[in-house]
Every structure is written in C-alpha cells, then in structure tokens.
Amino acid sequence: MSAFTQQVKGNWTELKGKFKQQYADLTDDDLLYEEGKEDELLGKLQKKLGKTREEVESEVSDWSK
C-alpha cells in the first residue's frame, strides 16, 4: 500500500478541505474518494491541477503531517 493510499484512507475529510482551500476550482466530483480507487483519484487531481504524480503526493504528504 502506497503512502498516498494510507494518507488518503486515514485523513480524507481533512485533506479534501485543504485541497478545496488551496485549489478553489476543484469540485466535489474531482474530490470524490472511493476506497480502492486511490490511483483514479490521484490521476484526476494530476489532470485537474496540471501537476505530476510526485507533486500531488508531496502535497498530500505535507498536509498529513
């Protein structure tokens, strides 16, 4: 299980709020989390934010500390 998956599973409500604060153009659909589909969520965030996988994972990691 990746660090991203662990962080999302444990703190998604908090992380979702931080994504909304940081990126106002993200919709609830963009931030819809379904267990087992963490890679799909990560892909949507990458595409919407124009960031690499590593950049998105780094933000999540920083916010989870």
Side-chain angles (χ1 to χ4, degrees):
M1 183 180 302
S2 74
F4 177 80
T5 299
Q6 290 175 346
Q7 291 159 342
V8 168
K9 279 186 174 185
N11 304 312
W12 184 240
T13 303
E14 182 181 333
L15 291 170
K16 182 178 175 180
K18 290 182 180 189
F19 270 108
K20 281 187 165 188
Q21 285 179 329
Q22 187 74 22
Y23 306 102
D25 57 331
L26 289 175
T27 66
D28 286 334
D29 285 342
D30 294 329
L31 297 170
L32 182 62
Y33 167 67
E34 294 179 52
E35 190 164 340
K37 294 190 176 185
E38 292 84 7
D39 283 339
E40 188 176 309
L41 172 63
L42 185 55
K44 279 197 274 187
L45 292 172
Q46 283 177 252
K47 186 175 181 181
K48 188 79 174 194
L49 301 175
K51 295 187 176 225
T52 66
R53 178 183 184 100
E54 291 77 19
E55 288 172 323
V56 175
E57 287 178 339
S58 178
E59 279 190 80
V60 169
S61 179
D62 290 346
W63 292 338
S64 295
K65 292 179 181 175

For this session: For Lys44 and Leu32, work out which heavy atoms get closest and say how close.
Result: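 Smallest interatomic distance, heavy atoms only, reads NZ-O, 4.2 Å.
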For this session: For residues Gln7 and Ser61, report the shortest heavy-atom separation together with the two atoms involved.
Result: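 Nearest heavy atoms, Gln7 then Ser61: NE2-CA, 3.6 Å.
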For a 4.5 angstrom cut-off between non-hydrogen side-chain atoms, does [X] reach [Y]?
X	Y	answer
Leu42	Gln46	yes
Glu38	Lys9	yes
Asp39	Phe4	no
Glu59	Leu15	no

For this session: Flag yes if Tyr33 and Leu45 sit in one hydrophobic cluster, no otherwise; membership is Ile, Leu, Val, Met, Phe, Trp, Tyr, and two members link when side-chain heavy atoms are under 4.5 Å apart.
Result: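 Linked within one cluster.
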Problem set entry | side-chain contact (heavy atoms from CB on, under 4.5 Å) evaluation trace for Lys20 with Asp28 | CA-CA 9 Å; Lys20 281 187 165 188; Asp28 286 334; 2.4 Å; yes
Exercise. What orientation do Phe19 and Trp63 show, parallel under 30°, tilted 30 to 60°, or perpendicular over 60°?
Worked result: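 The rings of Phe19 and Trp63 stand perpendicular, inter-plane angle above 60°.
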Problem set entry | Steps toward salt bridge (charged side-chain N to carboxylate O under 4.0 Å, His left out) verdict (Asp30, Lys47) | CA-CA 10 Å; Asp30 294 329; Lys47 186 175 181 181; over 6 Å; no
Exercise. Could you state the interatomic distance from NZ (Lys48) to OH (Tyr23), rounded to the nearest 0.5 Å?
Worked result: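 Reported to 0.5 Å precision, the distance equals 13.5 Å.
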For this session: Return yes if some donor-acceptor pair links the side-chain N/O of Trp12 with the main-chain N/O of Leu31 below 3.5 Å, else return no.
Result: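 Confirmed, Trp12 side chain pairs with Leu31 backbone.
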